[in-house]
Student: 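Just dropping this structure here.
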2 protein chains.
Amino acid sequence: MLRVEMDRADVPDAGPGETAATVCSLATPAPLLDKNRLDRNLARLSSRMVDQGVVLRPHMKTAKSIDVARHAQRSGAGPITVSTLAEAEYFARHGFRDITYAVGVAPHTADRAMRLRKAGIDIKVLLDSPEQAAMLGAAGRAAGVTPSAFIEIDCDGHRGGLTPTDPKLVVVAAAMVEAGVKLAGVLTHAGESYGLSTPASLVAAAENERAVAVAAATTLRAAGHECPVVSVGSTPTAHFAEDLTGVTEMRAGVYMFFDLVMHGVGVCTTDDIAISVLATVIGTKPEKGWILVDAGWMALSRDRGTAAQRVDQGYGLVCDVAGKIYPDLIVSQASQEHGILAIRLGSAHALPHLPIGAKVRILPNHACATASQHELYNVVSAGSDAIHARWPRIRGW
Amino acid sequence: MLRVEMDRADVPDAGPGETAATVCSLATPAPLLDKNRLDRNLARLSSRMVDQGVVLRPHMKTAKSIDVARHAQRSGAGPITVSTLAEAEYFARHGFRDITYAVGVAPHTADRAMRLRKAGIDIKVLLDSPEQAAMLGAAGRAAGVTPSAFIEIDCDGHRGGLTPTDPKLVVVAAAMVEAGVKLAGVLTHAGESYGLSTPASLVAAAENERAVAVAAATTLRAAGHECPVVSVGSTPTAHFAEDLTGVTEMRAGVYMFFDLVMHGVGVCTTDDIAISVLATVIGTKPEKGWILVDAGWMALSRDRGTAAQRVDQGYGLVCDVAGKIYPDLIVSQASQEHGILAIRLGSAHALPHLPIGAKVRILPNHACATASQHELYNVVSAGSDAIHARWPRIRGW
C-alpha cells in the first residue's frame, strides 16, 4: 500500500476562494463584511459617545481583526477591550497599548498579562475577590511591574461581580492596596439587556447600569480610593443610554457588525447587519419546501439566539447575493455542512426559485459566534461584486 | 500618539500553553484528547465492522486531524469520508487516496474535486439530481478525468437524497451515464437516529437505513447500472445494526470521540468520551450556587444538543482535572468566554469547593462542534498529567 508521509506537492492545497476577486467566484461558505455598513455602525456609536462626552473603548471580541480595530479606534493604539489574552497580545503586537482584558483574572492569566505590562502595554485586568487581588499582586512583583485592575460590578445578576452594597467591595479594594495593585476603577456589563426588546426597557437598563457603576465608584471613593474610571457597556445599553453622568467610558463590541439578535432587541435594522455568510445551493426538496445550501452550523455557528425572541430567525435570514432579503426565507435547520432553507411557518410567501449553484447570503443570529467560525473577512461594499480586501482574524486563547 | 505598524518583537506572542508539558500548566481553555478512550472507541467499531464483513470508512469531519486519521485508518491511505474539500485536500496531501466527499456537489466544488482527481486521488462525490450529474460531467471533461459519484438516498427524511421508489432515481443514474460520470454506488445517512434513545429504536433505524440503501441499489441494478458500493452510516446505527446484508461500507465519525449527545442516545457511556475542555475557575457566586470558569461558548461551542434529550447537560458535564465527574455539576450558562457551573436543578448534590485557579474538565454536548472551536488536541492518557503530543486540526472549506 502506498503511504506518503510528506505533503504531496502535486495535490492542490487551496480552493478557488483563495484568489477570488469577486463575490460570485468565492468558494463557499464564505463570510462577507459590508464595509459601508461597518463604517456607518462605527460612526453611529462613536458620534453618540462624543455627544455624551464619554470615551468609547471598543470591544474587539466580535471582530478579532486588526483591520477592523483600526477602523473602530483610529489612533491605532487604544483604548480597546479584549476577551482573551491572545487578543491582547495580537493587538499589542500591532501597536495597541491601552487594553482592558474584561474577563476575571486567574493565576495563569495574571502572569501572562504582567508579561505584556512588562513589555510596556497598559493592560488592565478584572477581579472581584481578595484572592485575585493577592495573586495579581504576586504576579506583578514577579514581573517587576505594578498591576492595574478594575473591580467587576454586578449590575443585573448576569454573571460575576459585586453589587455596590456588598461589603466585599471595600474589602477587595483594600486587598488591592495591600497587594500593590492599582485600582483602575469599576467595570460593569449589562448582559441582561440582550433579553430586552422595547426602547423603554433598554433605556431603563442603561440607566440601571450607569447608576450601579456610579454607586460602586462612590462607595469606593468614600472609602478613600481614587477609582478614576467608571466603565459600563453592552451594545444595547450603549445605544439607548440617555444620561451617562458619572460614567467615563463605554464598552461595546457587536455594534460594529450587528446581527439578528440585536435586530430582535431593537438596536439595529436588518440593513445595518454588516456580516453575512455566502452560501451555494446544493440541492432542492420541493415536495418539502426545502432548499439545501452548503452553509451549516460550521459556517453559521450553533447560535440560536433569536429562538427566545419574538421572531425566531432559525439559523439565519436569507438574502440574495446582492443582500436583498427574501421575505420569510430562513435557515430552518442546520447540520455540520448543510443548511435547510424554508419559508417561515405561517408565512404566505412562496419559496423562491433557486437552482443548484445559485448563491445566497445569510444574515447570522450572533455576529460574534458566526465570525468566529471563519479565518478572515471578505470585505465588500453595496452595489459591487468586488472583494476589496481580505482581513484576517485571530482565534484561540 | 505612538503608532507601531509592524509586529512588535518585544511583545510576547504566546501563552504558557504553547510549551506546557503537563495538563496543569496548560493555558485554559484547552481541549484534551484521551488517547486510551480514543483507541478503545476506534477498536470497538472497527472490530464490529470486521465481524459484519463491512468496510469501515471513517468520517473525518469530527477530528479533522491527520494524526487521528492515521489511528482510525491505519493504512494511511483510506478509505475515509470528509465533509469539506479543505479536508479532502489536507488528507490527500498527507497520503490519503480514497476519499468520499459526502456533501452534495455544486459547480465550484465539482471543479475543485476534479482537480484532486486529476492529481491521482480517488475522490467520489455526492449528487441527487440530473443537473448535478451534468455539471459534474462537464467538470470532469474540463479536467480530463472521469468523475465518480454516489447517488444520495433519503432513508429517513433527514435532509437531501432520493427515496428508493422515487422515479428520479433511475433518471439521475441515466443522466450520469449521459454525462460520463461513473456511478460509485448509493449512499445514505440515518441522521434522524440522533433523536432516538432506546436500543430497539436504534436497531430499527439501522435496519431501515440498510433496507432503504439496498432497495435503491436493487432498483438501479434492475435498470442495468452496476452500483458497486452500498454505503450507510451514522454513529448510532453503526453501533446498533444487527444485520448489514447487502451493505458494503459503513461511515461514522463522532464515534472516535463520542460526546454527551451520543451518551443520551445510548451509544456510549460518559467514560467513553475522549474529548474534554480544560478550564480554570475565575470567580464564585456562592449566594447563587455559581462557579465561574474561563470556558464559555467560544471553547465549548453553542451546541445544546442535549436540550432535547431526557437529561439536559447544559453546555457540558463537569469533571475534576483527572476526569472524574462531579455528580450533577453542569455548565448551566455560557457567554463568549465565561461558563457558569451550577448543580443541576432538582439535584441533592452540593456544589463542590473549587477556589479561583482550580482546574476542571468539561465533557461536551457535541464533539464535532466543540473540537471545531480549537486549533489542536492536547493528547493525554488516564492517570497521567503529561501532554503526550499536540495534534493539529484543520478548519475552513
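Just so we're clear, the structure is a prediction, and the values are computed from it rather than from any experiment.
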Student: Sorted by first residue and then second, give each side-chain hydrogen bond (donor to acceptor under 3.5 Å, both in side chains) pair with at least one member in residues 281-293 of chain A; sequence neighbours left out.
Tutor: A/Lys285-B/Asp154

Student: With rounding to the nearest 0.5 Å, note down the distance linking NE2 in B/His108 to OG in A/Ser25.
Tutor: 11.0 Å

Student: Considering non-hydrogen atoms only, spot the tightest contact between A/Ala106 and B/Ile282 and give its length.
Tutor: CB-CG2, 3.9 Å

Student: Heavy-atom pairs under 4.5 Å with chain A are the metric here; pick the option from B/Gly357, B/Ser129, B/Cys368 that has the most.
Tutor: B/Cys368

Student: With sequence neighbours left out, write down each residue that passes salt bridge (charged side-chain N to carboxylate O under 4.0 Å, His left out) with B/Asp294, or none if nothing qualifies.
Tutor: none

Student: Going by the side chain to side chain contact (heavy atoms under 4.5 Å, CB included) test, name the single residue among B/Gln336, B/Met298, B/Glu337 that passes it with A/Thr84.
Tutor: B/Glu337

Student: Return the minimal non-hydrogen interatomic distance between B/Ser372 and A/Trp297, and the atom names on each side.
Tutor: OG-CZ3, 4.3 Å

Student: For the pair B/Arg302 (side chain) and A/Arg304 (backbone), establish whether a donor and an acceptor sit closer than 3.5 Å, ignoring hydrogens and angles.
Tutor: no

Student: Does any backbone or side-chain atom of B/Gln373 lie under 4.5 Å from a heavy atom of chain A? Answer side chain, backbone, both or neither.
Tutor: both

Student: Can you say whether B/Lys359 sits under 4.5 Å from chain A via the side chain, the backbone, both, or neither, judging by heavy atoms?
Tutor: side chain

Student: Check B/Arg159 against A/Ser335 and note the closest heavy-atom contact, atom names and distance.
Tutor: NH1-OG, 2.7 Å

Student: Go through the atoms of A/Ala102 and report whether side chain, backbone, both or neither lie under 4.5 Å from a heavy atom of chain B.
Tutor: backbone

Student: When rounded to the nearest 0.5 angstrom, what is the spacing between CG in B/Asp128 and CD1 in A/Ile356?
Tutor: 6.5 Å

